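Quantities reported herein were computed from a predicted structural model and do not represent experimental measurements.
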Amino acid sequence: MQRLLAVLLVLIGLIGLVLGRLGETTWAPETETTATATLEDPGPAVVIDPGVLYVGGEEGKVVIEGASDVSVITASNSDIDAYLEGVHHTRVTGASDWSTLSTEDVEPDGAAEISDPTGSDLWRSVDTSASPYTLDIGEFWAAENGENEQVYRSLLIVTDGTAAGADKISITWPVDDENEWVPYAYAGGAAIAVIGLVLLVVSIGRRGDEDEDELLEEPQEARSSEARTSLATGGAAAGAAAGGLSEGRDGADTDTDGADAPRAEDPLDAPDAREVGEQSVWSFGDRADDAGTGADGTSSDGGSPGADPSGDDADQERR
């Protein structure tokens with residue numbers, strides 16, 4: 001039972017460690033989040049309001065997709081508003097959630113084209129690139145907070161002035177997030193596994209001691225069993241012998257009491273037994289005679305066979 005409990009604890013501990021690892025890899029939260037705005041009819045220009053790039057932090061990237069080359073222009077808010085006055089355009093005002101950028105349609109009935117979108121002397125910087133255009137938020141933040149500080153600048157996004165300013169805008173921010181239960185899974189799993197291993201080692205050691213004790217006790221038990229078997233065998237033999245004698249006596253008594261009762265056969269009454277007995281008796285007598293008779297039929301004291309020494313002496317005295 002203790003060994004089974006130890007194995008179960010080890011398995012539970014391993015499961016905890018596996019869950020912790022899965023919490024760091026397969027089940028880990030995303031390392032970044034992306035908010036996107038898909039623009040159906042944005043107008044010839046799209047403006048990203050100040051601070052929108054920093055909703056998710058000062059690191060990340062902006063990806064802008066357009067029908068042609070995309071130009072990203074920086075300028076003061078007032079200069080951008082003055083340039084787009086009376087022109088249909090779209091503003092990106094923030095993020096409604098971590099996956100969606102919120103937008104605002106401005107002057108939908110305004111002009112659908114703008115002239116010379118990148119050649120105006122109002123712009124502080126103009127950067128044109130093929131679609132999709134990528135802007136690094138960290139670099140942009142460093143430029144705003146450098147020597148020429150330009151905090152919370154708006155971004156004006158245009159193409160050729162006649163097509164849509166952008167078709168899709170997405171902002172991606174890194175996320176420093178993790179499953180809070182992962183450390184507990186690691187700690188709990190390791191602790192339970194160690195306890196299970198300790199119990200397993202103890203149970204194995206105890207089982208070894210029990211096996212050794214059984215090996216030591218086994219010869220003693222074997223000897224005791226042999227002794228009991230010998231005693232039982234001797235007792236059975238003695239009982240059988242006593243039973244045989246008792247049956248013989250009972251048979252004899254039965255014969256004296258009535259002629260109809262069956263008489264037990266006495267081993268001594270058998271012909272073979274009587275012959276053996278008589279032979280034994282005569283053999284004993286022959287051995288006695290042989291002891292006093294020589295090989296030539298004379299007795300060992302020089303007399304004739306069957307002579308009585310005392311009789312000879314008496315005859316001599318009478319003469």
Side-chain angles (χ1 to χ4, degrees), residues 18-77 80-81 84 88-108 125 127-146 149-159 163-186:
V18 171
L19 290 176
R21 181 58 180 169
L22 291 175
E24 283 185 337
T25 56
T26 305
W27 298 339
E30 296 293 336
T31 58
E32 58 185 22
T33 183
T34 300
T36 304
T38 300
L39 308 175
E40 298 295 339
D41 184 18
V46 177
V47 179
I48 299 178
D49 287 347
V52 173
L53 299 184
Y54 309 130
V55 169
E58 297 171 355
E59 299 290 336
K61 63 181 180 180
V62 181
V63 178
I64 304 168
E65 299 178 12
S68 60
D69 292 345
V70 176
S71 298
V72 177
I73 301 170
T74 61
S76 64
N77 299 331
I80 291 177
D81 291 341
L84 294 177
H88 177 212
H89 62 280
T90 299
R91 304 185 73 93
V92 179
T93 59
S96 57
D97 53 48
W98 288 110
S99 61
T100 305
L101 293 173
S102 55
T103 60
E104 179 184 355
D105 191 14
V106 181
E107 299 190 25
S125 64
D127 187 16
T128 303
S129 177
S131 177
Y133 179 96
T134 302
L135 172 67
D136 187 274
I137 295 176
E139 294 179 357
F140 188 80
W141 182 87
E144 283 195 326
N145 294 274
E149 186 174 327
Q150 302 177 28
V151 181
Y152 293 113
R153 291 177 295 171
S154 296
L155 291 178
L156 174 61
I157 302 170
V158 295
T159 54
D167 295 332
K168 182 179 180 180
I169 298 176
S170 61
I171 304 177
T172 301
W173 298 283
V175 176
D176 187 13
D177 192 12
E178 63 181 9
N179 291 320
E180 297 180 356
W181 51 268
V182 168
Y184 299 100
Y186 275 127

Checklist line | Minimum heavy-atom distance between D97 and T100, given as atom pair plus value | finding: OD1-N, 2.8 Å

Item checked: Expected output: side-chain T74 to main-chain S125 donor-acceptor under 3.5 Å -> yes

Next item on the list: Calculate, to the nearest 0.5 Å, the distance between atoms OG1 and CD belonging to T93 and E104 respectively.
Entry: 6.5 Å

Note to self: In the structure I gave you, are the side-chain heavy atoms of L156 and V47 within less than 4.5 Å of one another anywhere?
What the structure shows: yes

Note to self: Show the nearest heavy-atom pair for residues L101 and S170, with the distance to one decimal.
What the structure shows: CD1-CA, 4.5 Å

Next item on the list: List the steps and the verdict of side chain to side chain contact (heavy atoms under 4.5 Å, CB included) for V62 and T134.
Entry: CA-CA 6 Å; V62 181; T134 302; over 6 Å; no

Margin query: Taking CG in D176 as the centre, count heavy atoms belonging to other residues, nucleotides or ligands within less than 6.0 Å. Is the count above 12?
Written below: no

Notebook entry, point to check: Short question: side chain of N179, backbone of E24 - any donor-acceptor pair under 3.5 Å?
Noted result: no

Notebook entry, point to check: So, for I157 and A166, which heavy atoms are closest and what is the spacing to 0.1 Å?
Noted result: CG2-CB, 4.3 Å

Check: Just how far is it from atom CG of L39 to atom NZ of K168, taken to the nearest 0.5 Å?
Finding: 10.5 Å

Check: Is a donor on one side and an acceptor on the other found under 3.5 Å between the side chain of S102 and the backbone of G94?
Finding: yes

Next item on the list: Please report the closest heavy-atom contact between D167 and A67, naming both atoms and the distance.
Entry: OD2-N, 3.5 Å

Checklist line | Shortest non-hydrogen contact from R91 toward D49 | finding: NH2-OD1, 2.8 Å

Notebook entry, point to check: Atom CD1 in I171, atom CG in L135: separation rounded to 0.5 Å?
Noted result: 9.0 Å

Check: Taking the six-membered ring for Trp, are W98 and W173 parallel (under 30°), tilted (30 to 60°) or perpendicular (over 60°)?
Finding: perpendicular

Check: Rounded to the nearest 0.5 Å, what separation is found between the OG atom of S154 and the CD1 atom of I73?
Finding: 12.0 Å

Note to self: Could you check whether H88 and D105, counting side-chain N and O atoms only, form a donor-acceptor pair closer than 3.5 Å?
What the structure shows: yes

Check: Passes side chain to side chain contact (heavy atoms under 4.5 Å, CB included), I64 versus V72? Steps please.
Finding: CA-CA 9 Å; I64 304 168; V72 177; 3.9 Å; yes

Item checked: Least distance between heavy atoms, T159 atom then A163 atom -> OG1-O, 3.5 Å

Checklist line | Pairwise distance CD1(I48) to CG(L155) - rounded to 0.5 angstrom | finding: 5.0 Å

Check: Do T90 and T103 get their side chains close enough for a donor-acceptor pair, meaning under 3.5 Å?
Finding: no

Next item on the list: Would you confirm whether T25, through its side chain, and R21, through its main-chain N or O, come within 3.5 Å as a donor-acceptor pair?
Entry: yes

Check: Do T172 side-chain atoms and K61 backbone N/O form a donor-acceptor pair below 3.5 Å?
Finding: no

Note to self: Checking the side chain of T128 only, and the main-chain atoms of S71 only, is there a donor and an acceptor separated by less than 3.5 Å?
What the structure shows: no

Notebook entry, point to check: Between Y133 and D127, do the side chains contain an N or O donor and an N or O acceptor separated by less than 3.5 Å?
Noted result: yes

Margin query: A side-chain contact here means heavy atoms from C-beta on lying under 4.5 Å apart; do Y186 and V182 qualify?
Written below: yes

